[in-house]
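Everything below concerns the one structure shown next.
Just follow the structure's listing: the first ligand is 1, and inside any ligand the first atom is 1.
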Amino acid sequence: MCGIIGYCGPKPAAAVILEGLKRLEYRGYDSAGLCIYSDGRFHIIKRTGKIRDLRNSVPPLLKGDFGIGHTRWATHGEVNNVNAHPHTDCDDRIAVVHNGIIENYVSLKEKLKSEGHVFQTETDSEVIPHLIEKYYSGDLEEAVKEALALLKGTYGIVCMHIDHPGKLVGARNGSPLVVGIGNGESFLASDVTAIISHTKQVVYLEDGEVANIDADDFRTTDLRDQVIEKKVELVSWELEEIEKDGFVHFMEKEIFEQPESVKRAMGGRIEPDLATAHLGGLNMSNKDLLNIERVRIVAAGTSFYAGMVGAYLLESIARIPCTVEISSELRYRNPVVERNTLHFAVSQSGETADTLYAMRELQRKGATVLGICNVVGSTIARESDGGVYIHSGPEIAVASTKAFTSQVTVFYLFSLLLSRMRHMSYEEGVDFIQNLQSVPVKIEQILMNNQAIRNMAVKYSHFKDFLFLGRGINYPVAMEGALKLKEISYIHAEGYSAAEMKHGPIALINEETPCLFLVPDDGLKEKIISNMREVKSRKGKIIAVAVEGDSEITEISDDVIEVPRMKECFYPLVMVVPLQLFAYHCAVELGRDVDQPRNLAKSVTVE
Ligand code: F6R
């Protein structure tokens with residue numbers, strides 16, 4: 001989703017901003033722009049397409065030591081150069097970049113127009129510079145605050161005024177914004193990725209806060225001008241983590257990082273002597289944990305599927321009733337919050353608006369909500385009542401891969417913790433831990449089949465429709481596999497319970513609709529084999545992800561991807577990996593933009 005960077009300092013602002021925008025590309029965007037102050041005037045350049053198109057349009061000699069830049073993911077108004085940010089006031093003396101949605105922009109725009117303001121764009125964002133213009137009488141920060149007080153909706157903004165060289169004003173309400181503090185230079189950005197090559201010292205703004213920066217200093221206040229003292233925090237990851245490191249795509253790199261990222265999700269959280277898990281950030285005593293009678297998980301997309309695996313684990317291993325819900329639905333259906341129910345908000349980015357608002361709604365009703373997030377300092381991580389970081393490192397590809405396996409790993413740990421407080425014996429706990437700790441090596445074994453999976457993807461990538469079928473704890477994995485395929489290759493794919501196929505989707509089966517079955521050697525294997533035969537007798541093609549050496553499955557299937565044998569409940573962590581690789585190679589084969597698929601954004605900060 002949209003990205004922001006602002007810079008004040010001695011370096012050439014255009015270069016810093018273009019580099020920051022390049023690093024924000026992963027969020028998803030369709031146009032980009034920047035405004036640089038140089039020789040007493042604003043230079044505004046905006047382009048649809050990629051950052052390289054914008055870079056090619058920026059005069060190489062453009063100097064300037066402060067400016068703002070933006071990647072736009074269109075919501076209001078079509079994708080074109082005019083609608084790209086920054087937007088300006090009537091006289092081009094104020095420039096603003098905005099993330100989020102201004103819900104009352106129509107009425108504000110009408111009023112401003114009736115007062116003589118002339119608008120250039122179809123965007124909701126353009127009302128902001130005009131409102132600032134209206135209230136400006138020499139003090140930019142004051143005018144910004146007056147303007148913001150009139151906005152309904154969400155924003156992360158940064159603005160600059162031609163009469164205030166070297167100063168930027170930023171503010172947030174529902175859309176993240178951080179201040180970066182460098183050596184004689186300062187930044188404002190929508191996420192730290194944009195500025196990490198310059199500084200690791202950051203201040204995370206909260207909703208309702210305004211930051212005023214120049215090269216040497218920053219000041220934070222609320223909208224009523226009360227000064228707010230902020231803590232400077234240190235970003236814990238390294239620049240190398242957001243580089244491709246020899247891989248062609250970030251997605252490929254992130255798939256291959258999983259043996260390590262799963263290990264990191266477990267790191268320091270297993271207590272071998274007690275055969276249990278220790279999750280420090282929960283902010284819950286053993287007594288609190290023992291009082292949990294139910295769990296509810298809210299999330300979106302891939303995190304929702306990770307939550308589904310989590311729900312299955314919590315019920316089957318910890319014997320605690322658990323439901324999982326799409327966050328956007330939960331928020332608007334006036335959910336009942338029951339006593340002794342623990343809630344989880346699962347989100348890689350920690351910024352997904354649907355999940356954030358669902359969490360706030362639950363908290364408003366008195367629920368305790370724990371976050372399972374990747375991005376440290378993200379809004380969900382900060383506003384939750386406690387939680388667990390998955391420590392995957394930055395996930396740059398839009399399609400989520402390593403976050404899924406790490407989120408699921410955290411649910412294994414949480415299930416172990418709760419089970420060991422209840423019915424699970426020490427010996428069972430030891431066995432559970434051994435199985436969990438064997439997962440990274442098993443993922444490595446699957447990654448060694450990369451070439452075979454690639455060959456299979458080449459063979460199947462011309463098909464237009466796929467069914468992904470699984471059962472039990474692997475049913476959400478089938479849905480996750482289908483989501484991966486559709487989002488990056490644009491091949492239509494549906495994930496279903498294999499048993500549910502006969503209730504409808506079987507009508508789709510013919511030689512043009514391959515079915516990808518997940519077939520572990522668990523209690524449901526024979527049932528799945530019956531479903532496979534049903535497909536076979538209708539001339540459907542079958543790809544199976546099955547346990548190594550399973551000749552029965554090889555005999556029914558057209559193609560088999562083998563995974564190592566595991567204890568039943570651990571299959572999701574390995575079964576998902578070939579599905580990620582299959583989707584990845586299909587997308588590459590079809591020449592898709594793997595890391596930034598069309599229409600998608602990494603961090604979905606609008607509803
Ligand atoms: C799929 C994908 C999305 C996200 C969803 C939630 O590959 O990336 O479906 O999983 O937008 O995002 P987070 O986990 O950041 O809340």
Pull out every atom of ligand 1 sitting under 4.0 Å from any heavy atom of [X], numbered as shown with elements.
{"X": "A399", "value": "7 (O)"}
{"X": "T352", "value": "6 (C), 12 (O), 13 (P), 15 (O), 16 (O)"}
{"X": "K484", "value": "1 (C), 7 (O)"}
{"X": "S347", "value": "13 (P), 14 (O), 15 (O), 16 (O)"}
{"X": "V398", "value": "8 (O)"}

* Asked: Just by modelled atom types, is the I4 backbone N or O under 3.5 Å from a matching donor or acceptor in the S190 side chain?
  ->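 Answer holds: yes.
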* Asked: Any side-chain heavy atom of F463 sitting closer than 4.5 Å to one from K541?
  ->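 F463 vs K541: side chains touch.
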Distance alone, cut at 3.5 Å: any donor-acceptor contact between the side chains of [X] and [Y]?
{"X": "T355", "Y": "S347", "value": "no"}
{"X": "R172", "Y": "T379", "value": "yes"}
{"X": "N83", "Y": "H76", "value": "no"}

Quick one: nearest non-hydrogen protein atom to [atom], plus distance?
{"atom": "atom 15 (O) of ligand 1", "answer": "S349 OG, 2.7 Å"}
{"atom": "atom 10 (O) of ligand 1", "answer": "T302 N, 3.0 Å"}
{"atom": "atom 14 (O) of ligand 1", "answer": "S303 OG, 2.5 Å"}
{"atom": "atom 5 (C) of ligand 1", "answer": "A300 O, 3.7 Å"}
{"atom": "atom 7 (O) of ligand 1", "answer": "E487 OE2, 2.5 Å"}
{"atom": "atom 11 (O) of ligand 1", "answer": "V604 CG2, 4.0 Å"}

* To do: Name the orientation class of the two ring planes belonging to H85 and H70 (parallel below 30°, tilted from 30 to 60°, perpendicular beyond 60°).
  =>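 It falls in the parallel class, under 30°.
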* Aromatic rings F344 and F411: how do their planes relate, parallel, tilted or perpendicular, breaks at 30° and 60°? ->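 Rings of F344 and F411: perpendicular, as their planes differ by over 60°.
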* Asked: Do R598's NZ or CZ and the ring of Y490 fall within the cation-pi criteria of under 6.0 Å and 45°?
  ->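 Satisfied, under 6.0 Å and within 45°.
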* To do: Answer yes or no: does an N/O atom from Q407 fall short of 3.5 Å to an N/O atom of ligand 1?
  =>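 No; the residue has no nitrogen or oxygen that sits under 3.5 Å from a nitrogen or oxygen of the ligand.
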* Contact (N/O only, under 3.5 Å) between K602 and ligand 1 ->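 The answer is no, given that K602 and ligand 1 share no N or O pair closer than 3.5 Å.
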* Check each heavy atom of T355 against ligand 1 and say whether those closer than 4.0 Å belong to the side chain, the backbone, both or neither. =>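 Under 4.0 Å from ligand 1, T355 contributes no heavy atoms.
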* Asked: For the residue pair L436 and M266, what are the closest heavy atoms and their distance?
  ->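 Taking L436 first and M266 second, the nearest heavy atoms are O-CE, 3.3 Å.
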